[in-house]
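Down below is the structure, laid out as structure tokens.
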Number of protein chains: 2
Amino acid sequence: MFRSIITALSAAAIMTAAAQTDFKPEEHSTFTTDRPDGRYTSSRAIAHQLMASKPPRLQYKSTFDATQAAEWRKEMSAAMARVMNHPDTATVEKPQLTGTWQRDGYRLERWESYPFAQAVVPFLVLVPDGVSASNPAPAIMCIPGSGQTKELLAGETRVDLDSSETKPTRNAQAYEFVKQGYIAVAVDNPACGEPADLEVISGGGGWDYVTFSRALLELGWNYLGYASYVDQQILNWMRTMPEARRDRIVVSGFSLGTEPLMALGLMNPDIYAFVYNDFLCTTRERALVMTLPDANGRRPWPNDISHLIPEFLVEFDFPDIVAALAPRPVICTEGGLDRDFKTIADAYATSGAPEAFEYHHYAKFVDPADRVPIDTMPAGINRDTFFRLANVDPPRHYFKSEHVLPWLKKILAD
Amino acid sequence: MFRSIITALSAAAIMTAAAQTDFKPEEHSTFTTDRPDGRYTSSRAIAHQLMASKPPRLQYKSTFDATQAAEWRKEMSAAMARVMNHPDTATVEKPQLTGTWQRDGYRLERWESYPFAQAVVPFLVLVPDGVSASNPAPAIMCIPGSGQTKELLAGETRVDLDSSETKPTRNAQAYEFVKQGYIAVAVDNPACGEPADLEVISGGGGWDYVTFSRALLELGWNYLGYASYVDQQILNWMRTMPEARRDRIVVSGFSLGTEPLMALGLMNPDIYAFVYNDFLCTTRERALVMTLPDANGRRPWPNDISHLIPEFLVEFDFPDIVAALAPRPVICTEGGLDRDFKTIADAYATSGAPEAFEYHHYAKFVDPADRVPIDTMPAGINRDTFFRLANVDPPRHYFKSEHVLPWLKKILAD
């Protein structure tokens, strides 16, 4: 229990004794063993082998016929429901409207949902002028990226909407959607923005996703389970909105927001379409190949524990999940490996809707000659190399309205 | 996926706008809400409420009679086996002896166990001179604290035992035991010492328990599950040692090592006795009360994810587990709350073996007048206050041979 004390007291001697001063990380980029029996002594290497030997149970197979694919999608949905582990909703009360503001061409509403007896989760609703129960519109749930808030999505400058101004930045997807005539529902991700703890009032900088996630993990839950549960309650309410077309509910996730999108997508077959605004990658492969240590001999992990969902990666991975959304329309806006897009395209073709899947690479990698033609990520790389090989252009990570808006217009034309 | 980029880009504006320059952590030591309906907006507060509303399923009850207590112990054992989630052992091969060295009064052996097809886990065995199949001795598995190694437990200076010298420090419990005539089996904890990854060869300082734990958690496993599984294979082998008294196998854990001790204890009813060398606390309570934020508004978590065992704390807590070891002898050497010791003493009395439980406070808190007489930890404290209220004297955290050796002599007298 006294980790820091003990480490300081007793590890130093052993480590100093054995330390080399000429450690070269690139010589240890992957796990190796010089034992004749091929066994590893390093616990970290053993855990790596355990993960490597356990591919996801529900990987999409290009050999599926339409019937097998349909059966597989059901299993994917059941597995997602299991790992998301939503609590029963006996204490959930109906969302309440807490305020309305007229903006330029639309009505901005603030609502509160009550996903637990002790909780309030506010969300924003943007309804275009002229949309009503007798003239309903498609409704798009907008889920922000890490560090983003529902106010940012709505193009607002403040949580207090009485004093807020509308000044949309380029990630204001809810604002963009309402301007196109769609209802937009902007949610927060847990532990950020209005649902944050003390970060705003302390002015301490950054949002603490991790401690919140840790508390959930102790209970056998996880960040995405909570996020998708909270979003699910708002989605349930969207289905009851008189102004919304219940048969045209769309979920749009940016970056971190693609994770709840995937969870909701598998668990709610009535969602009509999906905007996946991030690069697409195989998360398990990312963890397995990003093993290049730093100068201190520490190998990285791709992300923090707000992305930890125990048993998620033994069930499926991101490309499998997007493939399982077939035949429902999906747009992926920020590239990835052609290998993964081929998998998803195959699933859409098998489901009889090849045109329902659209994807775009980052501008920098639109020309196939600029993409590294690989089917397997090489082991022993770092984050930068991973991004490069996955055709990712980090500084250009933003909401790709230039792809999304025309696509929505097409799929929501009727 | 681009957490750091996004956070930097888009959170700054909102946070700066709302930041107060006069944040006083002590004014926010607990979770509060000024809403009339008592609901919380903070995700972290909501997670706290979820945890607070979910006491462990298998808490020990002082109302148990002997029959109910026996039934409860079976449930505790089953729950521990479930959360430890040991894999099947089809590929486990028998441990092999890899070297023997004569030391002053005992034989030092190095063994290797093979808990997975890809893995080797070395351990040390110290056999007193004169102990043999025809003159067997009790055998004590020694599990080190965080940052400690099996070599440290054995009083050795190096992993390479050919060049190692015997220079025991005060935490060399295996050395102390063999000097008393007991067989000592010294193991490493995962990810530290010989099972470390690159820490020793890089000389980078510290041991990386966290990345290893993260890999396991992704797979639905956890650090303690792995540690107890690896230790279990060595325990299985100890039962076959000709020189060991199979009816006198003891497990002795120091600090971090008390966690595998508890797991092994519940899952192996044939372990004869336990040395619990740490303070005892209710881990869930610790997480619930340590909510005093730092100057940046961050509330702490008591420990890192090597201590994260999903669903552990919804099943039981440390005092429950020690109580469930009744009627087998246990010594707790470094205090805790009298409340918790009373619980355990009650369980031992109910099992008909009140004398089998012994506990000692830190010297500083031996006088009851020096202990804060509380039954409930106050909310909103930090680590230092928690330690003070739990009667912990961190600088005096070491292997308490002064209590342990006389106690072992007593319980192993026959």
Side-chain angles (χ1 to χ4, degrees), chain A residues 1-3 5-7 10-11 15 18-20 23 28 39-44 46-47 49 51 118-120 145-148 152 190-191 194-195 197-204 206 208 211-212 214-220 255 278 293 296-299 301 308 310-311 313-314 394 397, chain B residues 1-3 5-7 10-11 15 18-20 23 28 39-44 46-47 49 51 118-120 145-148 152 190-191 194-195 197-204 206 208 211-212 214-220 255 278 293 296-299 301 308 310-311 313-314 394 397:
Chain A
M1 296 186 176
F2 299 93
R3 172 145 302 167
I5 300 166
I6 296 296
T7 303
S10 55
M15 302 195 62
Q20 297 176 351
F23 177 71
H28 304 274
R39 292 178 185 269
Y40 294 87
T41 311
S42 154
S43 304
R44 178 75 183 80
I46 295 165
Q49 298 301 325
M51 182 177 264
Q118 319 91 324
V120 55
S146 184
Q148 298 181 339
L152 179 140
E194 205 173 354
D197 188 22
L198 300 171
E199 293 93 325
V200 175
I201 57 170
S202 76
D208 183 8
T211 316
F212 164 68
R214 175 67 188 272
L216 297 179
L217 287 159
E218 293 283 346
L219 299 174
S255 205
D278 199 352
N296 287 322
R298 298 290 178 111
R299 303 187 196 274
W301 196 265
L308 166 59
E311 296 185 43
L313 295 183
V314 299
H397 178 46
Chain B
M1 296 184 173
F2 298 94
R3 172 145 303 168
I5 300 167
I6 296 295
T7 303
S10 54
M15 302 195 63
Q20 296 177 351
F23 177 72
H28 304 274
R39 292 178 185 270
Y40 293 88
T41 311
S42 153
S43 303
R44 177 78 184 76
I46 296 165
Q49 297 303 323
M51 181 178 264
Q118 320 91 324
V120 54
S146 184
Q148 299 181 339
L152 179 141
E194 204 172 354
D197 188 23
L198 300 170
E199 293 94 323
V200 174
I201 58 170
S202 75
D208 182 8
T211 315
F212 164 68
R214 176 67 189 271
L216 296 179
L217 287 159
E218 293 284 347
L219 299 173
S255 204
D278 200 351
N296 288 322
R298 298 291 177 112
R299 303 187 194 273
W301 196 265
L308 166 60
E311 297 186 40
L313 295 183
V314 299
H397 178 46

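To find a chain, count down the sequence lines: A is the first, B the second, and so on, and within it residues start at 1. Note that the structure is a prediction, hence the values are computed from the model and not measured.
Contact between B:A47 and A:L219 at its shortest, heavy atoms only, is O-CD1, 4.4 Å. Between A:T41 and B:V120 the shortest heavy-atom distance is OG1-CG1, 3.6 Å. A pairwise comparison of heavy atoms in A:L198 and B:F23 identifies CD1-CZ, 4.2 Å as the closest pair.
In this structure, CD on A:Q118 lies 8.0 Å from CD1 on B:I46, to the nearest 0.5 angstrom. Here B:L217 contributes atom CG and A:L313 contributes atom CG; the two are 12.0 Å apart, rounded to the nearest 0.5 Å.
The closest donor-acceptor contact from the side chain of A:S43 to the backbone of B:P195 lies under 3.5 Å.
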Kindly indicate, with the supporting measurements, whether the criterion side-chain hydrogen bond (donor to acceptor under 3.5 Å, both in side chains) is fulfilled by A:S202 and B:N296. CA-CA 6 Å; A:S202 76; B:N296 288 322; 5.8 Å; no
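In this structure, the portion of B:P293 lying under 4.5 Å from any heavy atom of chain A is its side chain and not its backbone.
Comparing B:R214, B:E311, B:E218 by how many heavy-atom pairs each has under 4.5 Å with chain A, the most go to B:R214.
Note on B:D208 versus A:R44: no salt bridge recorded, every NZ/NE/NH1/NH2 to OD/OE distance being 4.0 Å or above.
Partner of A:D197 under the side chain to side chain contact (heavy atoms under 4.5 Å, CB included) criterion, out of B:H28, B:R299, B:R298: B:R299 alone.
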